[in-house]
Amino acid sequence: MRKQVEIFISGAGVAGLTLALLLADKNISVGLVDPVKALPLPQTPHGTRTAAIQNRFLPLLERSGALEKIKDLCAALKTIRIIDPQGQNFTDKLEALFGAEDIRNDKLSLNIPISFLRAALYDTALNNEFINFFENTRTKNIKFGDVSNIVTLENGNEIEASLCVSADGVNSVFRKEANIGIKSKNYSQTAMTCILSHTKPHENISTEFHYPGGPFTLVPLPGHTSSLVWLEKTELSKKYLSYNKDNIEKLLQQKSQGILGQLSLTSSVDSLPLRSFIAKDFTGNRLILLAESAHCLSPIGAQGLNMSLKDIEIFLEVLSKNIYLGQSIGSRQMLANYNDERRRDTNFRAAAVHGLNQIVSNNLPTSKAVRRFSLNVLKSTPRLKEKVMNIGMGDDQIMK
Ligand SMILES: Cc1cc2nc3c(=O)[nH]c(=O)nc-3n(C[C@H](O)[C@H](O)[C@H](O)COP(=O)(O)OP(=O)(O)OC[C@H]3O[C@@H](n4cnc5c(N)ncnc54)[C@H](O)[C@@H]3O)c2cc1C
């Protein structure tokens, strides 16, 4: 069977689903495939990963129609507290606060559980007449053509589309089929994630301890719960992951310095070896790469999914311009515009995240000095602090 659509998206993760819904909103016919089904809310299991989505990208998720369904499961992040512990028993610790008021806002971001967000997007997409959903199968290969590409799925179905979008994550099939290489960095770090309940309120403050293995970050969720993102050297993380529940809770208690009172695990502790890369090209023949098929960064700085939402924002902008100029969807001009726009911002953020990871995740005296000096300068220079915070929150004016 061969089906025709205007745009075909490989991968129904958060990025693929959001794009599909926003395209459908413009009456564009979309094909969407993913081998992994999402369980409907409220049966969706609470995974251990959450993403802090910056204010400026929330309207995209609102427009998709999914955010409304899960807003009670998310929490506003109003302040980031950075703690740089030093010395035995944290005798010389340095603390800095970065509040929403510093950038004249009521919050910095919204912390959203990824499994709930995907379930809400999935549910919304299933009922959309413009989205042709291919479930329980995956993209196998692609035949590139002048006016369209033909995608073959593992179940034998074929889809013809004017433009294909790769949103199928770090091991993207489309990226490999288009022979697009990646530039990667190896950190030998592992991200450990879990959900915790605690006796003290978090007061919508995300607390980030800078330890030599990487940051240990508690991010607010509704009530007395928080998600934890903890980066650690891989060798050490293997040891910690072998601990039983009591021992890991004791370790988390010690690492959190009691800032949220008594901690209890309400989930498993999951782990993911850190990957970091950028695709050498964000486009191919009638092909656009976005989200983690194009870029995957360390979670430090919480940029990943926000950058994917920026990809979607720019994609929609170049598409509208393309349609206005009467060009075919996926024209060379459209692809060139997307690549130019996204490359500058992505390179800048990847370099910033890499630099931050290098400065934070070690115990070298020079790094320590730079870290503490920078925090002190930001603390005492409100205008610089506002500028740095705005860039971290997705402002790209500095690149223009
Ligand atoms: C510990 C941690 C904390 C993070 N915190 C933040 C944060 O605070 N803020 C932030 O912005 N970002 C954060 N991120 C990044 C964010 O979680 C990711 O960028 C985001 O979840 C990736 O979404 P995605 O849709 O690109 O990829 P994925 O979720 O990987 O989606 C890819 C989809 O493609 C499907 N697929 C794979 N192969 C095929 C195929 N052949 N055919 C069809 N479909 C296929 C998969 O099944 C999957 O559903 C964090 C990441 C980590 C690891």
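In what follows, every heavy atom counts, from backbone to side chain, and hydrogens, waters and symmetry copies are set aside. Counting convention: from 1, in listed order, for ligands and their atoms alike. For this chain, numbers begin at 1 and follow the sequence in order. What you are looking at is a predicted structure, and each value in this text was computed from that prediction instead of being measured.
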Out of all atoms in ligand 1, which are within 4.0 Å of some heavy atom of [X]? Include the element for each.
{"X": "V36", "value": "47 (O)"}
{"X": "V173", "value": "41 (N)"}
{"X": "V14", "value": "25 (O)"}
{"X": "V33", "value": "43 (C), 44 (N)"}
{"X": "R138", "value": "40 (C), 41 (N), 42 (N)"}
{"X": "Q303", "value": "11 (O)"}
{"X": "S10", "value": "42 (N), 43 (C)"}

Closest protein heavy atom to [atom], given as residue, atom name and distance to 0.1 Å:
{"atom": "atom 5 (N) of ligand 1", "result": "T50 O, 3.6 Å"}
{"atom": "atom 53 (C) of ligand 1", "result": "L272 CD2, 3.3 Å"}
{"atom": "atom 39 (C) of ligand 1", "result": "D168 CB, 3.7 Å"}
{"atom": "atom 42 (N) of ligand 1", "result": "T139 N, 3.0 Å"}
{"atom": "atom 28 (P) of ligand 1", "result": "G13 CA, 4.6 Å"}
{"atom": "atom 14 (N) of ligand 1", "result": "L305 N, 4.5 Å"}
{"atom": "atom 51 (C) of ligand 1", "result": "R49 NH2, 3.7 Å"}
{"atom": "atom 49 (O) of ligand 1", "result": "D34 OD2, 2.6 Å"}

[X] and [Y]: side-chain donor and acceptor closer than 3.5 Å?
{"X": "T137", "Y": "N157", "result": "no"}
{"X": "T48", "Y": "S267", "result": "no"}
{"X": "S166", "Y": "S10", "result": "no"}
{"X": "T199", "Y": "Q262", "result": "no"}

Hey, is ligand 1 close enough to [X] that some N/O pair sits below 3.5 Å?
{"X": "E292", "answer": "yes"}
{"X": "T193", "answer": "no"}
{"X": "A15", "answer": "yes"}
{"X": "A52", "answer": "yes"}

Under 4.0 Å between a Lys/Arg side-chain N and an Asp/Glu carboxylate O for [X] and [Y]?
{"X": "D123", "Y": "K69", "value": "yes"}
{"X": "E313", "Y": "R56", "value": "yes"}
{"X": "E235", "Y": "K239", "value": "no"}

Would you say that [X] contacts [Y] through its side chain, given a criterion of any heavy-atom pair below 4.5 Å between the two side chains?
{"X": "Q303", "Y": "Q54", "answer": "yes"}
{"X": "W230", "Y": "Y211", "answer": "no"}
{"X": "Y338", "Y": "L290", "answer": "yes"}
{"X": "H202", "Y": "N204", "answer": "yes"}
{"X": "S320", "Y": "K26", "answer": "yes"}

ask   = Does ligand 1 have any atom that is closer than 4.0 Å to a heavy atom of A167?
value = yes
Residues P220 and A75: closest non-hydrogen pair is O-CB, 3.5 Å
Among P299, C296, A291, the residue with a heavy atom nearest to atom 26 (O) of ligand 1 is A291
Atom 6 (C) of ligand 1: of S298, G169, A51, the nearest heavy atom sits on A51
